Amino acid sequence: TYYRHGGGSGDFDYRVTLRASADSGFNSLHDDKLVRVFTFRGDYQLTPNDSLEFHTGLNSGPREVATIVDRKQNAESYFVQGLWRHQMEPGNEVRLQLYHNSDSTQDSYYAEALPLFGTVDLSRTGERTNIELQHVFSPSDPFNIVWGVEIRHDSANSATLFGTRENVTNDLARLFGSFDWQLTENTNASLGAMIEDNDITNRSTSPRFAINHQLTPGHVLRASVSRATRTPSLFESHANFGFIVNNAAGPPPQVALVEYIAPSVISAEKVESLELGYLFNLPRIGLSGDVRLFRENIEDLFAGTNIAPADIPATYNGVPIYAPASSLDTGTNDDQVTLRGVEIQTEFRPNGNNRVLFGASFLDIDSSNILENYQLSVPKKTASLMWIHEMPNSWSTGLSFYYVDELSYLDTSGNDIVGEQRRVDLRIANEFKMYGYPAQIAMVFQNMFDSYEDYTHSNMFDKRAYASLSVHY
């Protein structure tokens, strides 16, 4: 169910959204879930040059965990965001944004694998607070400049995941800027960079250069080169993941099962990207599209590996570690991947009643595969084709075909290859009036033909159908 209401008075406008959704997941798995969502947005024009935006939202609901029958998670999260805009003059604007979000998951269950038994508590909380100031201005006609600063504080808490009841934190500061230059009437260049300093990987710089050139109206070439980093998460960099259970075959009466201990030295992942693109629009025949060639080189990929025997601690929070039932993993930055590919997106409008959308990607990947089999983790080919047809009496249909090449997800052992996916969907809709208000009823048929494996061999995506009714007032 979905409900949205908007309104306003004078210089204030608002929108409220309520949504609830539930599904029973895959037939063979214990994975039911219920999601309840509330969001609010308010816009207030303080003065002709000042405006305020306010956003807030709540999300909650239970979710079963497929791997354990008696395990159910209860998650709650909320966010608040405020944005002030001040326009000093046309093309000269200052923005100040404040943001905070909080996530909490209750996740506790009883486990037994004799002689070990006990309650496993994976409950956790996380919070993020940031403030960002951004200034957009044009010092002279061919130039545009954007610069800003951000300060952010992240924290997480989980006695099991981090081995302590104290908060684990990361503080981050960023300085960023972008300089756009209209070189000629048909050529635009952009140079930007971001300097970041955080508690986990210290300082890094991420530059980017891009240039766009219009060959003729409707035909644009673009090129860009950039370098960026990914800072490891709080779990990757601070985890001391273990739990204490009872030992029926003791002594000792209790033992610790240890899954992951964060490394003492950790680096940010680094990616260098090169992109060439061609954007075209041929209105006389109703065809437009975008072709993208790219190369990405990713270094210092972070992945899990077994702890060396000499580095295995004897105890976890003062309790002896039971090695036979422990994963005893840590993390390291040892892998490297190079991606080369082509992406194509087109739209064809032969007339006012028909649209045909086509997309495809072709990818080649080289990787060191020291810790993970990255070459299998990305589909080599994907494709989608959609035909949208408008019919008389406010009827419409949409027929879609999707294809994804075989792949193996990294968190499913890396060698569990999921076969090719082919899927056909059909949507039939009709627009009408309900008590004078615009309304639409639709019927959707998903995966109309053979079932396919989704994520793992045990998850089979079968034929599905559902109906929807929407009313606008």
Side-chain angles (χ1 to χ4, degrees), residues 52-57 77-88 92-104 124-139 143-158 161-162 164 166-180 190-210 224-240 262-273 296 298-302 331-333:
L52 285 176
E53 287 183 23
F54 176 76
H55 303 254
T56 187
S77 65
Y78 73 87
F79 75 92
V80 290
Q81 177 182 339
L83 175 63
W84 169 63
R85 288 190 175 96
H86 174 67
Q87 184 171 303
M88 291 176 279
N92 191 340
E93 183 181 81
V94 174
R95 305 174 187 175
L96 179 64
Q97 176 180 276
L98 301 174
Y99 176 81
H100 175 77
N101 77 340
S102 175
D103 297 283
S104 176
R124 60 266 188 196
T125 61
E127 292 190 348
R128 168 171 292 179
T129 304
N130 85 319
I131 178 171
E132 180 180 306
L133 175 68
Q134 181 175 296
H135 184 200
V136 181
F137 68 100
S138 178
F143 306 109
N144 288 291
I145 296 176
V146 179
W147 73 273
V149 294
E150 177 189 1
I151 298 174
R152 193 176 84 195
H153 175 76
D154 294 335
S155 68
N157 188 294
S158 173
L161 298 182
F162 298 106
T164 176
E166 301 294 326
N167 284 344
V168 175
T169 64
N170 177 43
D171 290 313
L172 173 151
R174 288 173 174 159
L175 173 65
F176 58 89
S178 176
F179 176 78
D180 294 339
S190 175
L191 177 65
M194 181 180 70
I195 301 173
E196 176 182 312
D197 189 84
N198 64 75
D199 293 340
I200 297 174
T201 57
N202 299 320
R203 185 167 298 176
S204 64
T205 303
S206 301
R208 181 180 185 272
F209 175 75
S224 67
V225 59
S226 63
R227 186 177 66 200
T229 61
R230 185 191 77 86
T231 301
S233 67
L234 285 174
F235 178 82
E236 292 169 330
S237 59
H238 289 80
N240 189 15
S264 57
V265 177
I266 195 169
S267 301
E269 295 178 341
K270 304 173 183 65
V271 56
E272 295 180 351
S273 178
E296 295 180 352
I298 308 172
E299 296 182 343
D300 294 333
L301 272 168
F302 187 84
T332 184
N333 298 92

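When reading the values below, keep in mind they use all heavy atoms of this one structure, side chains included, and skip hydrogens, waters and symmetry mates. A quick note: this is a predicted structure, and the numbers were derived from the prediction, not measured.
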Contacts of H153 that satisfy ring-ring contact (aromatic ring centres under 6.0 Å, His included) - sequence neighbours left out | none
List for me each residue that meets ring-ring contact (aromatic ring centres under 6.0 Å, His included) alongside F54, sequence neighbours excluded, and say none if there are none.
-> none
E272: salt bridge (charged side-chain N to carboxylate O under 4.0 Å, His left out) partners, not counting sequence neighbours | none
Closest approach of A156 to F162 (non-hydrogen atoms, all atoms of both residues) = CB-CE1, 3.8 Å
Hey, mind stepping through E132 and Y99 against side chain to side chain contact (heavy atoms under 4.5 Å, CB included) and telling me if it holds?
-> CA-CA 9 Å; E132 180 180 306; Y99 176 81; over 6 Å; no
May I ask you to test the T231-E196 pair for a side-chain heavy-atom distance under 4.5 Å?
-> yes
In short, N101 meets F79 closest at the heavy-atom pair CB-CB, 3.8 Å
For residues T229 and S204, report the shortest heavy-atom separation together with the two atoms involved.
-> OG1-OG, 3.5 Å
Do N240 and T164 come close enough that some side-chain heavy atom pair is under 4.5 Å?
-> no
To the nearest 0.5 Å, what is the distance between OG (S226) and CD (E296)?
-> 8.0 Å
How long is the gap from CZ on R124 to CG on N157, to the nearest 0.5 Å?
-> 12.5 Å
Nearest heavy-atom approach of F302 to P263 is CE1-CG, 4.1 Å
Value rounded to 0.5 Å, distance of CZ in R227 from OG in S273 | 13.0 Å
D300: what forms a side chain to side chain donor-acceptor pair (under 3.5 Å) with it, not counting sequence neighbours?
-> K270
Taking the side chain as every heavy atom from C-beta outward, state whether E93 and R95 have any atom pair closer than 4.5 Å.
-> yes
In Å and rounded to the nearest 0.5 Å, what is the CZ to CG distance from R152 to N198?
-> 8.5 Å
Side-chain touch E53/R85, heavy atoms, less than 4.5 angstrom | yes
Quick one: closest heavy-atom pair of E236 and A262, and the distance?
-> O-CB, 3.5 Å
Verify, without hydrogens or angle tests, whether S138 (side chain) and F143 (backbone) share a donor-acceptor contact under 3.5 angstrom.
-> yes
Side chain to side chain contact (heavy atoms under 4.5 Å, CB included) between L172 and R174: does it pass, once the steps are laid out?
-> CA-CA 7 Å; L172 173 151; R174 288 173 174 159; 3.6 Å; yes
Only counting residues at least two apart or in another chain, list the ones meeting ring-ring contact (aromatic ring centres under 6.0 Å, His included) with F235.
-> Y260
Measure the spacing between CG of N170 and CZ of R128 and express it to the nearest 0.5 Å.
-> 9.0 Å
Ignoring hydrogens and angles, tell me if any N or O in the side chain of N333 forms a donor-acceptor pair with the backbone of S267 under 3.5 Å.
-> yes
Report yes if some heavy atom in the side chain of P232 is under 4.5 Å from a heavy atom in the side chain of T201; otherwise report no.
-> yes
For F137, enumerate each residue passing the ring-ring contact (aromatic ring centres under 6.0 Å, His included) test, keeping only those at least two apart in sequence or located in another chain.
-> H135
Passes side chain to side chain contact (heavy atoms under 4.5 Å, CB included), L234 versus D154? Steps please.
-> CA-CA 8 Å; L234 285 174; D154 294 335; 4.2 Å; yes
Could you tell me whether the side chain of I145 reaches within less than 4.5 Å of the side chain of P139, counting heavy atoms only?
-> yes
Close side-chain approach of V94 to L133, heavy-atom, < 4.5 Å = yes
Rounded to the nearest 0.5 Å, the CZ atom of F179 sits from the CG atom of L191 at a distance of 8.5 Å
Tell me, with the steps shown, if D171 and I151 meet side chain to side chain contact (heavy atoms under 4.5 Å, CB included).
-> CA-CA 8 Å; D171 290 313; I151 298 174; over 6 Å; no
